[in-house]
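Within every chain, numbering begins at 1; the chains are lettered A, B, ... in the order of the sequence lines, protein sequences first and strands thereafter. Computed from heavy atoms alone, side chains included, the values below leave out hydrogens, waters and symmetry copies. If you're wondering where the values come from, they're calculated on a predicted model, not measured in any experiment.
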Amino acid sequence: MARTNYSKIYAAIRRIPFGKVATYGQIAEVAGLSRQARLVGYALFNQKVDGDLPWHRVVNAQGAISYSPARQKADHLQRVLLEAEGIVFNARGRIDLKQYRWQPKGRQRKA
DNA sequence: CCGTTGACGGCGA
DNA sequence: ATCGCCGCCAACG
């Protein structure tokens, strides 16, 4: 067990349903890392074995894609993948979290 | 072992 | 609403 909590992070990301997105803070919260959204990003940076890992469904709290020098060109790829799931981007490159944000169990906001 | 950086978030001005 | 600073933990040099 003394493994990193990254396993939980990956597990949380895998829980994101199709056509929905989650913020780093959300993933961190679900993974039990409440305020450590940075760890989530770092975990994804370590992420080499994707496949079942929908990393593209992870965006920042602003509803926008987090750019990084480590990804440079892959940033656009994320947008493409999200659009392929039916998610629409604004002119600002942001999405409507109210509509696409994934709500973990117990997190459902009242209708 | 110490200092700095980093796929972020929240609060203040 | 935008810009900037601090904080949290882990990894890197």
Interatomic distance, [X] [atom1] vs [N] [atom2] [rounded to whole Å]:
{"X": "A:Glu29", "N": "B:dG9", "atom1": "CD", "atom2": "C1'", "result": "12 Å"}
{"X": "A:Tyr24", "N": "B:dG10", "atom1": "OH", "atom2": "P", "result": "14 Å"}
{"X": "A:Leu44", "N": "C:dA11", "atom1": "CG", "atom2": "P", "result": "14 Å"}
{"X": "A:Arg94", "N": "B:dG9", "atom1": "CZ", "atom2": "P", "result": "13 Å"}
{"X": "A:Leu33", "N": "C:dA10", "atom1": "CG", "atom2": "P", "result": "9 Å"}
{"X": "A:Arg38", "N": "C:dC8", "atom1": "CZ", "atom2": "C1'", "result": "8 Å"}
{"X": "A:Gln62", "N": "C:dA1", "atom1": "CD", "atom2": "P", "result": "11 Å"}
{"X": "A:Tyr42", "N": "C:dA10", "atom1": "OH", "atom2": "P", "result": "12 Å"}

Has A:Arg79 got more than 12 heavy atoms of other residues, nucleotides or ligands less than 6.0 Å from its CZ?
->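 Enclosed.
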Atom of [X], atom of [Y] and distance for their closest heavy-atom approach:
{"X": "A:Tyr6", "Y": "A:Ala43", "result": "CD2-CB, 3.6 Å"}
{"X": "A:Glu85", "Y": "A:Lys20", "result": "OE1-N, 4.4 Å"}
{"X": "A:Ala22", "Y": "A:Ile27", "result": "CB-CD1, 3.7 Å"}

Is a donor-acceptor contact shorter than 3.5 angstrom present between the side chain of A:Arg35 and the base of B:dG9?
->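 Side chain to base: no pair below 3.5 Å.
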Of the candidate nucleotides B:dG9, C:dA11, C:dT2, which contains the atom at the shortest distance from the side chain of A:Ala37?
->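 When the side chain of A:Ala37 is considered, B:dG9 is the closest of B:dG9, C:dA11, C:dT2.
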Options C:dC9, C:dT2, B:dC8, nucleotide nearest the side-chain atoms of A:Ser66 =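 Looking only at side-chain atoms, A:Ser66 lies closest to B:dC8.
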Closest nucleotide of DNA chain C for A:Gln36 versus for A:Arg92: which of these residues is on the 5' side?
->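 The residue whose closest nucleotide sits nearer the 5' end is A:Arg92.
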Should B:dC8 form a Watson-Crick or G-U wobble pair with both distances under 3.5 Å, which nucleotide is its partner?
->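 Looking at the geometry, B:dC8 pairs with C:dG7.
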